[in-house]
There are 2 protein chains.
Amino acid sequence: MTSLRADAERNRRLILEAAAEAFAERGLDAGMAEIARRAGVGNATVFRRFPTKEALFEAILEDRLAELGSAAERAAEEADPFEALVVFLEAGAAMQARDRGLFQATEHHVLEHPEILEKHRCVVEAVEPLVARAQEAGVLRDDVTTTDVLALMKASVAGLPPLPGVREDGWRRFLSLFLDGMRPGAATPLPVPAVSFDDVAAALHDYA
Amino acid sequence: MTSLRADAERNRRLILEAAAEAFAERGLDAGMAEIARRAGVGNATVFRRFPTKEALFEAILEDRLAELGSAAERAAEEADPFEALVVFLEAGAAMQARDRGLFQATEHHVLEHPEILEKHRCVVEAVEPLVARAQEAGVLRDDVTTTDVLALMKASVAGLPPLPGVREDGWRRFLSLFLDGMRPGAATPLPVPAVSFDDVAAALHDYA
DNA sequence: ACCTGAACACCGTTCAAGT
DNA sequence: ACCTGAACACCGTTCAAGT
């Protein structure tokens, strides 16, 4: 971990770039052989740096989750509390619509990995203030949680299948509908309790 | 197609039952060998009836889509127009939450198959009257389409990862939020045009 | 006709040989 | 140390032999 030989470090970077592209385009179906070819290295070299396909994906996912956290922090600078939420949700949804791997990550075992769970928690913690501020300002209903907000982000992207020829930002429509449902004026009592981040973490723990 | 020998017909049924269970539990990751074992037949027998894994999944998906259509027709009998929509959406979301394969189908190439596309169109046609009636009654905003309604059904289920230990009906919460956003009172102009069934069909056609 | 275990192709992963 | 093509294991699919 301390430092790799120069050529190895270069290969590592090439592999990560190739993998990021491949996973973004084809999702987790992207093959290791294809990634090795795109990176211009032998296939065994990929496995020398990343013991498993999942580990490689995990490395990239960590970056993405960090970006998501940054997006939340940037959004926090918006003057309007509701707009801050919107800016974050749009940034996150756009990321997921562009990156098939990122989108698929949520329904994958990768979540189990402690590092991923940790980064995920960071995202949650970065979004929490946005939710709290909007609720204090009275522009977001009080009965929705941060997990709800993140779930709705993903849900918006999940509404339509990713197909060349179908507009990529179709999620904007669904996100808009969600937002309309999340304003206090529209509120109707929610039927089931929210699932918290800790609920999911505990379930993953038991599952493993 | 006319008629199989009695033992073959029995095996066919066993395979379909085993596959339905396997796909429901594990989604498309379910292996053909496992299905064969569950059905109590040799693996080659599965391929004798269904030339490919996709064909087998397709056969099951057709049934599920037919059930979805029936659910829409049953829902149409509800006295209240909004309640009719809710009943349908709850039935469909529950089906998808229970059946991982059905859930995954939407983002899979299976949609390309003409028979599937046809059944899908039937579902759309069965839901259209529900949407129209709710809009005429003034309980559903005029700018949402049938495709929106179906997309939101899937989106609700997509909000949370399917994990043992996380409540299976978490989708109820998201569906409720969606519904709140779909009532006329909450309406805010939608940012992008709806994607129609024909748009998706055309994109699939070009894609193939 | 139908059934089946064995063989084949592909992809994730590991190994033995090379620098 | 690092790199790599070849070998291995697994799963979808096909084949040749059996009833």
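Note that the structure is predicted; figures quoted are calculated from it, not measured. A note on names: the letters A, B, ... follow the listed sequences, proteins ahead of strands, and every chain is numbered from 1.
Between the CZ atom of A:Arg48 and the P atom of C:dG18 there is a distance of 17 Å, rounded to whole Å. Rounded to whole Å, the distance from CG on B:Asp29 to C1' on C:dG12 is 14 Å. Whole-Å rounding puts the B:Glu9 CD to C:dA1 C1' distance at 14 Å. Taking atom CZ on B:Arg12 and atom P on C:dA1, their separation rounds to 18 Å, with Å as the unit. Put simply, CZ on A:Arg37 is 16 Å from C1' on D:dG5, counting in whole angstrom units. For the pair A:Glu34 CD and C:dC10 P, the computed distance is 16 Å after rounding to whole Å. Per the geometry, CZ belonging to B:Arg26 stands 12 Å off P belonging to D:dG12, to the nearest Å.
Within the nucleic acid shown, B:Arg10 has no heavy atom closer than 4.0 Å to any nucleic acid atom.
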For nucleotides 13-17 of chain C, tabulate all protein N/O to nucleotide N/O atom pairs closer than 3.5 Å, reporting atom names and distance.
residue: C:dT13; atom: OP1; partner: A:Thr52; partner atom: OG1; Å: 2.9
residue: C:dT13; atom: OP2; partner: A:Lys53; partner atom: N; Å: 2.8

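The partner of C:dA6, taking Watson-Crick or G-U wobble pairs whose two distances both stay under 3.5 Å, is D:dT14. Partner assigned to D:dT19 is C:dA1, using Watson-Crick or G-U wobble distances below 3.5 angstrom.
A salt bridge does not link B:Arg98 with B:Glu25: none of the charged nitrogens is closer than 4.0 Å to a carboxylate oxygen. A salt bridge links B:Arg172 and B:Glu90; the closest N-O separation between the charged side-chain nitrogens and carboxylate oxygens is under 4.0 Å. Under a 4.0 Å N-O distance rule, the pair B:Glu34/B:Arg26 qualifies as a salt bridge. In summary, B:Glu9 and B:Arg13 engage in a salt bridge, as defined by a charged side-chain N under 4.0 Å from a carboxylate O.
Remark: B:Thr45 is not in phosphate contact with C:dC3, judged by side-chain N or O atoms under 4.0 Å from OP1 or OP2. Checking the phosphate oxygens (OP1, OP2) of C:dC3, a side-chain nitrogen or oxygen of B:Arg49 falls inside 4.0 Å.
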Is there a side chain to side chain contact (heavy atoms under 4.5 Å, CB included) between B:Phe47 and B:Met32? Walk through the geometry before answering. CA-CA 9 Å; B:Phe47 285 94; B:Met32 291 299 262; 3.7 Å; yes
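When each of D:dA1, C:dT4, D:dC3 is scored by its nearest atom to the side-chain atoms of B:Val41, the top-ranked nucleotide is C:dT4.
A:Glu54 and A:His108 are not linked by any side-chain donor-acceptor pair at a separation below 3.5 angstrom, with hydrogens and angles left out of the test.
The two residues B:Leu152 and A:Phe174 have their closest heavy-atom pair at CD2-CD2, 3.6 Å.
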